[in-house]
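Model, not experiment: these values are computed from the prediction.
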Amino acid sequence: MPSLLGTDLRHTFAAYPTGMVMIAAEVDGRDEAMLANSFATVSLDPPLVSMAFTHVSTTWPRLRRAAELGITVLGEPQRDLVPQLRRSGPARLAGIDLERASDQARTLTGAAAVLVVRPHHFIPAGDHELVLFEVVGHHRDEVVSPLTYFGRRVGVAARD
């Protein structure tokens, strides 16, 4: 059995395909955003979703201060943006127009789905912080295929 070292375990975790989302908000007059693939639905009543953020993230501490955030379920139209959204610092959003989903929440147009969320509960979880968010608004585009992340590669979910 492989060791529980980070690289070995990360490789094993990569056997599970996930969706790709961007979480974004305006904080202190500046748009902040980051990619994540730890997004999960949690509950319909109350409407809750979750995401996990590593303690070494430099973006999450800024986003954490937002009262409302936008979650964009990335779709095929955003595939070419992924390399840029993976960058750190101001280059991450250079030339990308974010949509104002609420006073603070920011999303991308042409996405498979968008949600407006409010932090609900923060849970220490090892080297991450697990955050439950309450969904306060949402929209799904039935035509857009969502992006997937599998084996460290970005793909597109097949539509029937």
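- Placement of L93 and L69 in two distinct hydrophobic clusters is found when ILVMFWY residues are connected by side-chain heavy-atom separations under 4.5 Å, directly or transitively.
- Under the rule for a side-chain contact (heavy atoms from CB on, under 4.5 Å), the partners of V156 that lie at least two apart in sequence or sit in another chain are E76, R79, S145, L147.
- The backbone N or O of P119 sits nowhere less than 3.5 Å from a side-chain atom of E68 that would complete a donor-acceptor pair.
- Under the 4.5 Å side-chain contact rule for hydrophobic residues, V114 and V135 do not share a cluster.
- In this structure the side chain of L108 reaches within 4.5 angstrom of the side chain of L74, judged on heavy atoms.
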Is there a side-chain contact (heavy atoms from CB on, under 4.5 Å) between T59 and R92? Walk through the geometry before answering.
CA-CA 11 Å; T59 305; R92 179 180 292 153; 3.0 Å; yes

Apply the test side-chain contact (heavy atoms from CB on, under 4.5 Å) to residues V82 and L35: give CA-CA distance (whole Å), side-chain angles for both, the deciding distance (0.1 Å), then the verdict.
CA-CA 8 Å; V82 171; L35 287 181; 4.2 Å; yes

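- Between the side chains of T107 and R100, no donor-acceptor pair of N or O atoms lies under 3.5 Å.
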Starting from the C-alpha separation in whole Å, work towards a yes-or-no answer on salt bridge (Lys or Arg N to Asp or Glu O under 4.0 Å) for E32 and R62.
CA-CA 8 Å; E32 300 281 353; R62 293 188 301 271; 3.0 Å; yes

Side-chain atoms of residues 14-26: list all donor-acceptor pairs with protein atoms under 3.5 Å, sequence neighbours left out, distances to 0.1 Å.
from	atom 1	to	atom 2	distance (Å)
T18	OG1	N37	ND2	3.3
E26	OE1	R106	NH2	2.5

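- One distance of note links OG1 of T54 with CE of M34; it measures 8.5 Å at 0.5 Å rounding.
- For F53, the ring-ring contact (aromatic ring centres under 6.0 Å, His included) test picks out W60, with sequence neighbours left out.
- With a 4.5 Å cut-off on side-chain heavy atoms, L130 and S50 count as touching.
- Checking I71, V136, L132 one by one against V117, the side chain to side chain contact (heavy atoms under 4.5 Å, CB included) holds for a single residue, I71.
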Candidate pair I96 and L98, rule side-chain contact (heavy atoms from CB on, under 4.5 Å), full reasoning:
CA-CA 6 Å; I96 296 176; L98 296 180; 4.1 Å; yes

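- Contact of the L48 side chain with the F133 side chain is not registered, since no non-hydrogen atoms from C-beta on lie closer than 4.5 Å.
- Placement of L85 and L63 in two distinct hydrophobic clusters is found when ILVMFWY residues are connected by side-chain heavy-atom separations under 4.5 Å, directly or transitively.
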Derivation of the side-chain contact (heavy atoms from CB on, under 4.5 Å) call for L115 and V73:
CA-CA 8 Å; L115 299 97; V73 178; 4.2 Å; yes

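- Looking only at side-chain heavy atoms (C-beta outward), R118 and H120 stay at 4.5 Å or farther from each other.
- E129 is not listed as a side-chain neighbour of P124, based on a closest heavy-atom distance of 4.5 Å or more.
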